[in-house]
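Step one of this worksheet: look at the structure below.
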Amino acid sequence: MPPKRKAPPGQASAAKAGRASAMSTPGPATPRSLDSSMMSEADEDFDEDVTEAQREREAMLSKEADEFVNKFTFGGKRLQGQSDDSGREVRRYDAATPFFRKRDFSHLPLKPDHQNRPLWIDPDNCTVVLERFNPLAEQATDFLITIAEPKSRPTFLHEYALTPHSLYAAVSVGLRPRDIINTLERFLKTSLPDVVRKKIEDHTRSFGKVKLVLKHNKYFVESVDAEVLQTLLKDKVIGALRVHGSGSDKFTTSYAPTMGGLVIPGTQNAAGVHQANLKPAEKKPGEGGGASNEADLFTALNEEDDDDDKEAVHAFEISDANVETVQKRCLDIGYPILEEYDFRNDDVNPNLEIDLRPNTQIRPYQEKSLSKMFGNGRAKSGIIVLPCGAGKTLVGITAACTIKKGVIVLCTSSMSVVQWRQEFLKWSNINPDDVAIFTAESKNKFSGSTGIIVTTYSMVTNSRERSHDSKKMMDFLRGREWGLMLLDEVHVVPAEMFRRVISSIKSHSKLGLTATLLREDDKISHLNFLIGPKLYEANWMELSQQGHIAKVQCAEVWCPMPTEFYDEYLRANARMKRTLYAMNPRKFQACQYLINYHEARGDKIIVFSDELYSLKQYALKLKKVFIYGGTSQAERMQVLENFQHNPEVNTLFLSKIGDTSLDLPEATCLIQISSHFGSRRQEAQRLGRILRAKRRNDEGFNAFFYSLVSKDTQEMYYSSKRQAFLVDQGYAFKVITQLANIEKTPDLAFATPQESRELLQRTLVDNERGAEDDVETDDLFGKPGRGGGRGGNGRKNNGGGVRRTAGMLSELAGGQDMAYIEQNKAANKALKGKGGKKGAGGGGADGQSKFFKGLQREKDKSRARGA
DNA sequence: AATAGTGAAA
DNA sequence: TAACCTTCACTATT
């Protein structure tokens with residue numbers, strides 16, 4: 001037994017502080033860390049203080065339990081809000097009751113055969129919980145992804161939310177309200193609460209009644225129900241936007257002769273049938289129950305549809321520019337606009353000669369997502385969410401092959417433009433002349449009357465002066481109707497700039513593709529009226545279990561900071577903080593260790609760092625290749641080529657350039673040493689980089705994802721935020737606090753305190769000197785690189801000028817004392833607010849110091865820009 | 001043809 | 001809670 005030590009009061013409070021800080025680090029890791037270190041310490045060392053320690057622990061545990069319950073309580077906000085419901089009924093109380101507080105629904109009577117039913121429901125906020133281990137789980141899952149939004153899908157319990165959007169999606173896929181209610185009733189353990197029933201009825205009543213139709217290059221709001229249109233026109237927003245054609249205030253009323261009888265009952269699942277014809281063996285017997293059930297529903301609906309088609313259709317026109325406004329308004333007032341394209345009966349637009357190559361195989365989930373899009377024989381606009389590496393491109397191409405009209409594909413970078421074209425040629429029999437690329441380099445049109453154009457968002461949205469060719473091309477794009485608009489990485493669209501695409505190019509249907517329907521702002525919901533509802537979202541875990549994407553082991557490695565680093569960290573400004581926790585020598589060692597370990601296993605490793613300084617330092621010290629924004633095109637190609645084929649080059653360091661704009665070869669291991677705040681999108685996108693790795697099948701996992709985190713720094717908080725999405729997808733993050741035998745690593749860097757201190761000094765000097773040089777001499781770039789040369793990567797720095805201006809203010813602040821930082825921040829903000837628009841009035845900032853000189857320069861620049 | 005400058009995303 | 005650097009694509013310039 002170890003000698004007992006009586007804890008001096010000071011130490012006890014230190015332990016308390018430590019514990020408090022551990023508590024304040026949110027995320028799934030917290031309980032584990034408490035178990036392993038804190039608990040044992042408390043038990044052994046603080047024997048004498050047992051009562052106090054215990055009390056403290058109990059308090060902590062109960063607080064933790066509260067947090068835990070809160071986390072799994074739906075609508076935690078309401079919980080605090082309503083404090084008293086004493087008037088209602090007397091509830092039974094037991095030991096667990098306090099944990100549930102007001103979220104106790106044990107009064108809802110269970111059905112006698114509840115064990116055979118997989119769903120629970122929370123009537124207050126329409127959250128549905130699915131038991132994955134229930135025999136009926138498969139069928140229920142199929143149903144739930146149609147009517148509800150997946151919130152969280154770990155191994156055993158899945159959480160879905162019924163939202164207006166998700167119900168809208170369900171209706172647009174062809175389910176009727178009563179189908180939804182009946183099926184829910186069938187799967188629920190309790191009877192469907194009336195509140196929910198009413199909600200579903202209310203929300204779905206008006207759905208699917210209004211359509212947006214493109215006719216002769218003009219947009220019309222269309223409905224079979226004249227009263228609905230009247231309602232819309234009475235709305236102050238929509239009514240004002242109506243285009244009054246030819247002086248008549250009546251609707252244009254027409255009949256829809258083309259629809260009657262052409263959609264043959266049973267084939268409404270057009271895409272599905274199409275695919276089934278291609279490959280009948282693809283149908284899985286296991287899916288029988290859910291699929292046929294769904295098919296029944298669709299059949300029922302379709303008969304009704306045929307009746308509708310014989311009715312009159314009423315419409316009024318709106319202008320291109322107002323489409324977005326009208327769509328948004330309609331959604332707000334409960335009449336979401338549905339975009340459907342009856343492509344098979346479109347005689348106006350020429351057909352495109354395109355088909356999938358005969359031996360092409362569509363995977364079941366791809367087929368499923370497409371059957372949602374073409375559920376009733378027409379093309380519905382919407383969004384399909386598939387993880388990276390799961391074949392998004394093929395889904396888009398298959399959609400194009402089904403519609404067989406002109407297609408416009410929008411990508412985020414010119415590189416993926418080239419890829420999309422190649423994929424089209426690879427998977428379909430399209431004539432290469434009919435797939436044209438529209439970027440800065442190439443502005444070709446297709447040869448025939450119709451075809452495919454692949455371009456970038458920025459090319460289409462660019463509002464500045466255009467080159468002559470570019471202008472002509474845009475007129476061409478604007479002047480015609482497209483059958484399908486494919487929006488790659490659709491989560492970028494809600495940005496102010498990019499949403500203009502929607503109104504400037506007219507297409508009959510839109511299909512958005514993305515892996516991560518995530519943004520850190522709340523604009524993602526805008527996609528519902530910009531593009532359409534989410535038609536399908538794949539379950540990552542399911543795909544990896546079926547072997548379509550890699551099985552990934554995720555781990556978070558906690559690296560303690562040496563005290564001298566931590567002292568410096570506490571003192572540093574935000575910019576320096578980020579550099580310091582990336583340069584943590586213990587983190588460097590962990591990185592070195594992991595690289596060694598995985599290279600020995602034969603893995604290909606990618607290391608991500610957002611922090612450029614540390615990226616270079618790591619790569620140079622470990623003698624590995626690296627790519628960042630300034631790396632020239634030719635060299636990027638060369639490095640990637642080597643990484644892919646040269647057995648000597650197994651590790652590649654990347655800045656955040658690797659997130660989107662590089663076509664990375666397959667890798668099996670990924671290490672993150674620094675990242676962009678709490679961006680869940682980035683985390684998911686990076687993980688996506690190794691999902692393609694599925695060749696090796698030797699063990700349980702075929703890919704590894706490490707996140708290196710400096711302990712007790714901001715990183716801990718960001719890291720837990722970043723992981724939220726992946727945790728919801730069912731990934732479990734293992735916390736590693738100790739790497740086995742790390743001290744045996746050959747040439748372990750910074751092993752002595754001396755080296756560690758040197759590293760700190762150099763880091764500080766390198767990052768400060770740069771700023772001073774910049775201001776004083778204005779000649780930073782004539783010098784041979786701070787932080788050592790370019791280790792074999794001799795390249796020209798073309799981004800220098802840009803970086804200089806950008807780095808100016810913040811670096812200056814770093815060189816000054818605290819008082820200065822405050823000023824700088826305030827001034828920076830003021831500059832932001834005024835600058836650019838009206839040319840900030842020349843206020844008190846006269847050229848007194850370096851700081852104000854820099855500020856003045858910024859100001860001049862923004863004024864020049866504005867004029 | 002290579003490079004500088006710019007707006008915009010996040 | 002805000003932070004705020006890096007990166008990209010486009011166009012104009014030398």
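Just so we're on the same page: letters track the sequence lines, and every chain starts at 1. Because the structure is predicted, anything quoted here is derived from the model rather than measured.
Side-chain contact, A:Gln682 with A:Asp659: a donor N or O sits under 3.5 Å from an acceptor N or O. Side-chain contact annotation: A:Glu683 with A:Ser679, donor-acceptor N/O pair under 3.5 Å absent. With 3.5 Å as the limit, one finds a donor-acceptor pair spanning the side chains of A:Gln672 and A:Ser707.
For A:Ala440, counting side-chain heavy atoms from C-beta on, the closest listed nucleotide (C:dC8, B:dA9, C:dC10) is C:dC10. When distances are taken from the side chain of A:Ser458 to each of C:dT1, C:dC10, C:dT7, the shortest belongs to C:dC10. The side chain of A:Met497 lies closest to B:dA8, out of C:dT7, C:dA2, B:dA8. When the nucleotides C:dT11, B:dA8, C:dT7 are ranked by their closest atom to the side chain of A:Met459, C:dT11 comes out on top. Nearest to the side chain of A:Ala574, among C:dT11, C:dC4, C:dA3, sits C:dC4. Side chain of A:Arg519, nearest nucleotide from C:dT7, B:dA9, C:dA3: B:dA9. Nearest to the side chain of A:Ser470, among C:dA2, C:dT11, C:dC10, sits C:dT11. Residue A:Phe498 has its side chain nearest to B:dA9 when only B:dA9, C:dA9, C:dT7 are considered. Out of C:dC4, C:dT6, B:dA9, the shortest distance to the side chain of A:Lys656 is found at C:dT6.
Where A:Arg636 and A:Arg578 meet DNA chain C, the nucleotide closest to each residue was compared, and A:Arg578 sits on the side nearer the 5' end. Residue A:Glu520 is the one, among A:Leu662 and A:Glu520, whose nearest nucleotide of DNA chain C lies closer to the 5' end (criterion: closest heavy atom).
Between the CZ atom of A:Phe677 and the C1' atom of C:dC4 there is a distance of 6 Å, rounded to whole Å. For A:Ile437 and C:dA9, the CD1 to P distance is 13 Å, given to the nearest whole Å. C:dT1 atom P lies 8 Å from atom NZ of A:Lys721, rounded to whole Å. The separation between A:Ile627 atom CD1 and C:dT7 atom P is 12 Å, rounded to whole Å. Rounded to whole angstrom, the span from the CD atom of A:Glu489 across to the P atom of C:dA9 amounts to 13 Å. Rounded to an integer number of Å, the gap from CG of A:Asn573 to C1' of C:dC4 is 12 Å. In this structure, CG of A:Asp488 is placed 14 Å from P of C:dA9, rounded to the nearest angstrom. Spacing between atom CD of A:Glu611 and atom C1' of C:dC4 amounts to 13 Å, rounded to whole angstrom units.
Using a 4.0 Å heavy-atom distance criterion, A:Tyr718 is classed as a base contact. In this structure, A:Gln682 reaches neither bases nor backbone, as no heavy-atom distance under 4.0 Å exists between it and the strands shown.
Contact check, A:Thr412 against C:dC8: no side-chain N or O comes under 4.0 Å of OP1 or OP2. Checking the phosphate oxygens (OP1, OP2) of C:dA9, a side-chain nitrogen or oxygen of A:Ser414 falls inside 4.0 Å. A:Ser655 has a side-chain polar atom (N or O) that falls below the 4.0 Å cut-off from OP1 or OP2 of C:dT7.
Between A:Phe733 and A:Phe705, the angle of the ring planes goes over 60°, which puts this pair in the perpendicular group of the 30/60° scheme.
For residues 436-445 of chain A, no residue pair satisfies the salt bridge (charged side-chain N to carboxylate O under 4.0 Å, His left out) rule, not counting sequence neighbours.
Judged as a side chain to side chain contact (heavy atoms under 4.5 Å, CB included), and not counting sequence neighbours, the contacts of A:Gln644 are A:Pro665.
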